[in-house]
Structure formats: C-alpha cells, structure tokens
2 protein chains.
Amino acid sequence: MRLTTKGRYAVTAMLDLALHSDNGPVSLADISQRQGISLSYLEQLFAKLRKQTLVSSVRGPGGGYRLSRANDQIFVAQIVDAVNESVDATGCKGKNDCQSGTTCLTHHLWCDLSDQIHDFLSQISLAQLVSRKDVRLVAQRQENEQLVHTGEIDQSSKINAELLN
Amino acid sequence: MRLTTKGRYAVTAMLDLALHSDNGPVSLADISQRQGISLSYLEQLFAKLRKQTLVSSVRGPGGGYRLSRANDQIFVAQIVDAVNESVDATGCKGKNDCQSGTTCLTHHLWCDLSDQIHDFLSQISLAQLVSRKDVRLVAQRQENEQLVHTGEIDQSSKINAELLN
DNA sequence: ATTTAACCCAGTACTTTAGTAGGTTATTTA
DNA sequence: TAAATAACCTACTAAAGTACTGGGTTAAAT
C-alpha cells in the first residue's frame, strides 16, 4: 500500500476541479497555480484520470477539464485508484500467495486493513469535501492569492486575503 | 503514507515471535526460515524494534529475541511505527504546511484517514492475532514445513503438512 | 494565422526498498 | 580454553518508484 503526493495531488486537483466547475472547463494551468503542482505532472495525472473516465477534456482556448459525473458520484477511493496508487495493503493483491505461493502469517490482517481503508475512502465524495468548512476556507484563500498574482486586485486586498489564513 | 513489505515483514516476524515464545528466545535464523525473510534484513528490522523496546535480545548459543512485554500489550500500530516512519497519510506530518507553508486543500481529509488507520491498527494486539484461526492454521503449516526441512519428520508426514494448506 | 491548452514522450535526479557482504562482540557448550 | 552460536554493526547495491523537466504535436477558438 502506498499513499504519497501522487494520490494526494490527484485528489487535490479533482477537488479544485469540483470547486471551480461553475464557469466552464478548468485549465491545468489554473490548478497548477492554485495548488502548487507542476503543470507537466498534472498532465500525467489527468491522463490517468481521463482513462478512468473521471474527467473529460475540452481542447483549445477556454478549454480544460471538467468532471465527467456529478460531484456526489465521484469518490476519493476512485481517484486514488486511478493514478495507480492501490489502497490495497496486502503484498499479494488479495491472491493469497504472499509467501512463495502460500498464505503468509499476516495475510488476513492486511486484507482487513485494506477493507477498512477502502470503505473509508469510498464513502467520501467530492461533493462532501466541497461542502466542508475547512475546504471552503482554504479554497477562498487560494482564489484571493490567485487574483493578487494575476494583478486583478491590489495590495490592500491582499492583506485581507492573508487574514483569511 | 507507506505500507510495504517492510512493515508487513516486521509484523509477521513479531507474530512469529509471539507464536514461538514458549521455548525461550527465538533466533532470527528460525524466523527467516519459517517466514521466508532474509536474515540480514530481519537483523535490520529487529535493530529498530529493539530501539523501540518492543523486543529484548539474548546473545550467544540458544539466544535470540523475545517480546519485551506480554503479547496483549503489543499492538500492530507500534510495530509498523517502529520500522516505518509512521502510518501518517498527510504530507506535512500533521503540521499544516503542506502547500508552501500553508494548509493544502485536502489536508483534513488525510488527517482523518490517518486517524482511521491508526485507530484500526492500534486496536489489534499480537495476542488477538495469535488466537485467530487463520493465523494458527498458517503457523501449523509453517512448523511442519520447518520440520521436514530439518529432517525431523519423514516424507509421509509431509503429505499431511500439505493437506493442511 | 495565431494563440491556447490538451496530449504525448523521453529523460532524470532523488529516495526508498529489500537485500548482500563482511565483519565484531557476547555467551554458551564441549 | 577453544569452538560454535547468534546478536550486533556498517557499508554497499540493484531495482523500483516519485516527482519532476523539457520538447514537442494536435485540436479548437479568436
């Protein structure tokens, strides 16, 4: 089992997408700026998310990505799975051949843990995350920072943005 | 977060220790043979387990390792923690500085997941694992295999050992 | 025609894993 | 007391995966 920045980035990016889905497709450049993830790396992650039909793409100016389903139909477990970070805690992927073809001593323990993690992440939808207060606060701060960066608001407003943090 | 063979090996070895604690200290050579883990690698893992006072050692012939506490006072989470860094799923180790000094969008989600995993593994003691039927079956098979390997029982008994699997 | 942004590859520095190798020290047993 | 045993210690390594960077091509909007 493995949960590193790869899976965290994928979920973060998908949540960014869910948060900014009002005004048409969201470009990876925007996500990159707001979430501090390199553009090329995002492209690699979204290639996998697209293969798993979690997102759909629109090419050309004004294009980007949008969720391919309603945000209450996309779950964290699916996103983590899509970028090849299996939530499976066993070494044999549940095949019972952990120790040279036979079951290892702790096989069932890791199966139980895998179920536990999978159940937890399968119950959390993007919609749930979007409605969380802590998520909305961070999202608002990020939007303010982006406006400052693109010069759309002045320095005095930036102070307010910092107070939000 | 990371749960690979490293943590699985550690828990498996500790469970082997708990299962064979009747007849004095257990040598790493025995564990290596029964669990199919390289001896040198086991030595590295047990150096860490010893630092965390989960095991104590006896040197010289007939020596080996024993649990430093009763098997109902040692929990899976402690073993995994001892060899891995932790079962923490956040990138910032709970420090809230995931995104260049500030909280990232999904910080709280990974905190919740970390708590979930930690709670689960903290509730499972070696004593509980020892009493599990699936564990006892595998352990019995491994002991039979070991006897065959050391020539202490003959080939006809090996057939019975295979039937156990 | 130009710009935008997805799409696609190839490479790479870095870290971790899971091990190997080769010793030293402490303790028991013959 | 010598030999055997098993912990203890240090260093090295192949392979794999992570988290990028860079340099393109293709599709669609202005």
Side-chain angles (χ1 to χ4, degrees), chain A residues 1-13 17 20 23-33 35-66 68 80 83-86 88 91 98-100 104 150, chain B residues 1-13 17 20 23-33 35-52 54-66 68 80 83-86 91 98-100 104 150:
Chain A
M1 189 209 163
R2 182 169 272 127
L3 186 54
T4 60
T5 40
K6 196 179 185 180
R8 285 196 294 268
Y9 278 178
V11 176
T12 301
L17 213 57
H20 299 92
N23 320 317
V26 181
S27 73
L28 294 189
D30 277 1
I31 299 178
S32 169
Q33 193 184 48
Q35 307 306 330
I37 307 169
S38 96
L39 178 59
S40 293
Y41 199 44
L42 276 176
E43 285 179 345
Q44 288 169 45
L45 297 180
F46 272 77
K48 294 183 175 184
L49 296 171
R50 198 167 139 270
K51 269 181 198 156
Q52 301 300 313
T53 62
L54 291 171
V55 295
S56 58
S57 62
V58 180
R59 299 179 75 154
Y65 287 92
R66 48 166 60 104
S68 58
V80 176
V83 294
N84 293 340
E85 281 202 316
S86 171
D88 186 17
C98 345
Q99 193 190 339
S100 56
C104 80
T150 53
Chain B
M1 193 216 159
R2 183 165 270 130
L3 186 53
T4 60
T5 39
K6 197 179 187 179
R8 286 196 295 267
Y9 277 178
V11 176
T12 301
L17 213 58
H20 300 92
N23 320 318
V26 182
S27 73
L28 294 189
D30 278 0
I31 299 178
S32 170
Q33 193 184 50
Q35 307 306 331
I37 307 170
S38 98
L39 178 59
S40 293
Y41 199 44
L42 276 176
E43 285 179 346
Q44 289 170 44
L45 297 179
F46 272 77
K48 294 183 177 184
L49 295 170
R50 197 166 140 273
K51 269 182 199 158
Q52 300 300 313
L54 291 171
V55 295
S56 57
S57 62
V58 180
R59 299 178 77 151
Y65 288 91
R66 49 166 59 103
S68 58
V80 175
V83 294
N84 272 15
E85 322 65 83
S86 68
C98 347
Q99 193 191 339
S100 56
C104 80
T150 53

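Below, read A as the first sequence line, B as the second, and so on, with proteins coming before strands; counting in each chain starts at 1.
When all heavy atoms of B/G36 and A/Q99 are compared, the pair lying nearest together is N-NE2, 3.7 Å. Nearest heavy-atom pair, B/S38 versus B/S32, reported as atom, atom and distance to 0.1 Å: C-OG, 4.1 Å.
In this structure, the separation between OG on A/S68 and CZ on A/R50 is 11.0 Å, given to the nearest 0.5 Å.
Note: CZ (A/R8) to P (D/dT18) measures 12 Å, nearest angstrom. Atom CG in B/L45 sits about 15 Å away from atom P in D/dC9, given to the nearest Å. Separating the CG atom of A/L28 from the C1' atom of C/dC8 is a distance of 14 Å, rounded to the nearest angstrom. Protein atom CG of A/L49 is 13 Å distant from nucleotide atom P of C/dA6, rounded to whole Å. The CG-P distance, from A/L42 to D/dT18, rounds to 16 Å in whole Å. As a whole-Å value, the separation of B/K48 NZ from C/dT16 C1' is 10 Å. A straight line from CZ of B/R66 to C1' of D/dA7 spans 14 Å, rounded to a whole angstrom.
Contact check, A/S57 against C/dC7: a side-chain N or O comes under 4.0 Å of OP1 or OP2. When the side-chain nitrogen and oxygen atoms of B/Y65 are compared with OP1 and OP2 of D/dA6, none of them lie within a distance under 4.0 Å. Side-chain nitrogen and oxygen atoms of A/Y9 include at least one within less than 4.0 Å of the OP1 or OP2 phosphate oxygen of D/dC20.
Here A/F46 lies out of heavy-atom contact (under 4.0 Å) with every strand.
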Chi angles and distances behind the side chain to side chain contact (heavy atoms under 4.5 Å, CB included) call for A/F46, A/L17: CA-CA 11 Å; A/F46 272 77; A/L17 213 57; 4.0 Å; yes
Verdict with supporting geometry, A/K6 and A/Y41, side chain to side chain contact (heavy atoms under 4.5 Å, CB included): CA-CA 9 Å; A/K6 196 179 185 180; A/Y41 199 44; 3.6 Å; yes
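Ranked by how close their nearest DNA chain D nucleotide is to the 5' end, B/G64 and A/G36 are led by B/G64.
Between A/S57 and A/Y65, some side-chain heavy-atom pair lies under the 4.5 Å cut-off.
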Nucleotides 21-30 of chain D: protein proximity per nucleotide (B base, S sugar-phosphate only, - neither; heavy atom, under 4.0 Å): BB---BBBB-
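By the side-chain contact (heavy atoms from CB on, under 4.5 Å) test, A/Q52 pairs with A/L54, A/A82, sequence neighbours left out.
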